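Data first, discussion second: the structure below is written as structure tokens.
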Amino acid sequence: MSDHAAEALSPIDAATLWPQLHRLDTEVVALRGGQNLLVSSGLAATGITRLPKVPRTAVVGLRRGLSYRGVAVARQLAGGAGWDVASLRIGRPKDDDAVTALLQGLAREVALRGGRVLYLRYAEGSPHAGALRRAGFYAYRLERLYALRSSRAAPGPGNPFRPAVRADRAGIFRLYCRAVPEPVRRNEAPGQQEFRAVLDSFDCEQEFVADGEGGLIGWAGIGEREAHLLLAEGGALVEAALDTVEAHAPRHGALVVAEHQPGIEAAAQERGYPALGVRLMCARRLARAETLKEVVAVPAESFPVPQ
């Protein structure tokens with residue numbers, strides 16, 4: 001493994017990484033539980049202990065000798081079409097060459113595993129933004145985070161949201177096509193398989209939907225750390241969605257509001273949600289990598305010769 005190209009880590013390589021992990025103290029991407037995923041995937045690879053099921057992961061490292069310059073981990077999302085960059089750690093406060101090499105190594109590894117798109121989130125104003133762009137990542141959406149107020153009170157009797165069921169999946173995708181602008185969908189999820197991956201990246205433990213005359217008009221996804229909303233209407237539906245989120249939100253959760261959701265942002269500000277920060281959602285499209293099929297030589301005598 002050279003110091004100019006990041007390569008996938010084997011279980012033997014992983015054994016040399018864990019003692020040095022504390023030296024890689026600069027996190028480049030917006031962390032969403034990636035460090036625990038990195039440790040869990042490493043333990044699962046080495047077989048040290050039994051763990052709950054973890055997502056399929058790709059881990060690449062950049063090192064010289066036994067000293068690591070950086071490490072990156074991506075997880076496979078539902079459906080296999082999309083992968084999410086969960087963590088990218090480097091040993092210096094700023095190392096553009098290492099960041100670019102690690103992301104290019106991840107893209108190569110994900111493409112070999114059949115992935116079509118690689119997603120990444122990073123904080124606005126990050127000093128690593130230039131390196132992320134050079135690695136082929138395109139920022140297509142801006143997300144604002146607000147601290148949630150957890151009320152733990154049941155929504156009122158007129159609340160239209162109900163728990164989602166498996167049969168609502170197609171309806172949620174149709175709602176996504178209505179509620180999200182076409183330029184965002186083109187880069188994020190042009191098809192239902194990519195949308196399945198995006199939905200998995202939200203890490204929702206609870207989902208609620210609101211029915212309308214022509215289909216679903218609202219969706220709320222609540223995870224351990226974040227809550228997301230898709231709404232086809234404004235006004236009372238926004239207030240009902242926030243009531244639902246507050247009733248089921250974790251104690252220290254955050255509401256993620258995309259830049260194309262000004263109605264949700266205004267309602268969150270009116271409720272006094274403190275602003276936590278801004279991050280950019282990026283994607284890199286990948287060419288599907290396939291190994292060459294084995295070719296068997298056929299003697300010319302086996303073909304008929306025209307007379």
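As the structure is a computational prediction, the values presented were derived from the model and not from experiment. Numbers for residues simply follow the sequence, beginning at 1.
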Please answer: with hydrophobic residues joined when any side-chain heavy atoms are less than 4.5 Å apart, are [X] and [Y] in the same cluster?
X	Y	result
Leu255	Met281	no
Trp219	Val257	no
Val85	Leu62	yes
Leu231	Val184	no
Leu286	Phe137	yes

Inset, instruction - Could you check Asp96 against Lys94 for salt bridge (Lys or Arg N to Asp or Glu O under 4.0 Å), going step by step and ending with a plain yes or no? - result: CA-CA 6 Å; Asp96 288 354; Lys94 192 172 187 295; 2.8 Å; yes

[Y] and [X], any side-chain heavy atoms less than 4.5 Å apart:
X	Y	answer
Leu216	Ile172	yes
Val117	Asn187	no
Pro181	His260	yes

Keeping the roles fixed (side chain from [X], backbone from [Y]), state whether a donor-acceptor pair exists under 3.5 Å.
X	Y	answer
Ser126	Tyr122	no
Asn159	Phe161	yes
Thr26	Arg92	yes
Arg285	Leu118	no
Arg144	Arg279	no
Arg185	Val180	yes
Arg284	Ala135	yes
Tyr119	Glu188	yes
Glu246	Asp243	no

Determine whether the side chains of [X] and [Y] contain a donor N or O and an acceptor N or O closer than 3.5 Å.
X	Y	value
Thr57	Gln76	no
Glu265	Tyr146	yes
Gln193	Arg116	yes
Gln192	Tyr176	no

Inset, instruction - Could you give me the CA-CA distance, side-chain angles and deciding distance for Leu106 and Trp83, then say whether side chain to side chain contact (heavy atoms under 4.5 Å, CB included) is met? - result: CA-CA 10 Å; Leu106 267 184; Trp83 289 63; over 6 Å; no

Inset, instruction - Carefully, step by step, assess Asp25 and Arg89 under the rule salt bridge (Lys or Arg N to Asp or Glu O under 4.0 Å). - result: CA-CA 7 Å; Asp25 56 357; Arg89 300 162 65 91; over 6 Å; no

Check this for me: does any side-chain nitrogen of one of [X] and [Y] sit under 4.0 Å from a carboxylate oxygen of the other?
X	Y	value
Arg225	Asp203	no
Asp168	Arg162	yes
Arg121	Glu143	yes
Glu239	Arg271	yes
Arg166	Glu207	no

Inset, instruction - Could you check Arg113 against Arg56 for side chain to side chain contact (heavy atoms under 4.5 Å, CB included), going step by step and ending with a plain yes or no? - result: CA-CA 10 Å; Arg113 300 188 185 193; Arg56 187 183 182 195; 3.6 Å; yes

Inset, instruction - Could you grab the distance from atom OH of Tyr68 to atom CG of Leu24, nearest 0.5 Å is fine? - result: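 That separation rounds to 9.5 Å.
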
Inset, instruction - Please round to the nearest 0.5 Å and tell me the distance separating atom CD of Glu226 and atom OG of Ser201. - result: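 Nearest 0.5 Å value for the CD-OG distance: 9.0 Å.
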
Inset, instruction - Before giving the answer on salt bridge (Lys or Arg N to Asp or Glu O under 4.0 Å), spell out for Glu259 and Arg141 the whole-Å C-alpha distance, their side-chain angles and the decisive distance to 0.1 Å. - result: CA-CA 7 Å; Glu259 60 183 330; Arg141 186 178 71 202; over 6 Å; no

Inset, instruction - Answer yes or no: are there more than 12 heavy-atom neighbours, outside His252 itself, under 6.0 Å from its atom NE2? - result: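 Atom NE2 in His252 is not crowded, with 12 or fewer foreign heavy atoms closer than 6.0 Å.
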
Inset, instruction - Classify the ring geometry between His228 and Phe202 as parallel (under 30°), tilted (30 to 60°) or perpendicular (over 60°). - result: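 Answer is parallel, since the angle falls under 30°.
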
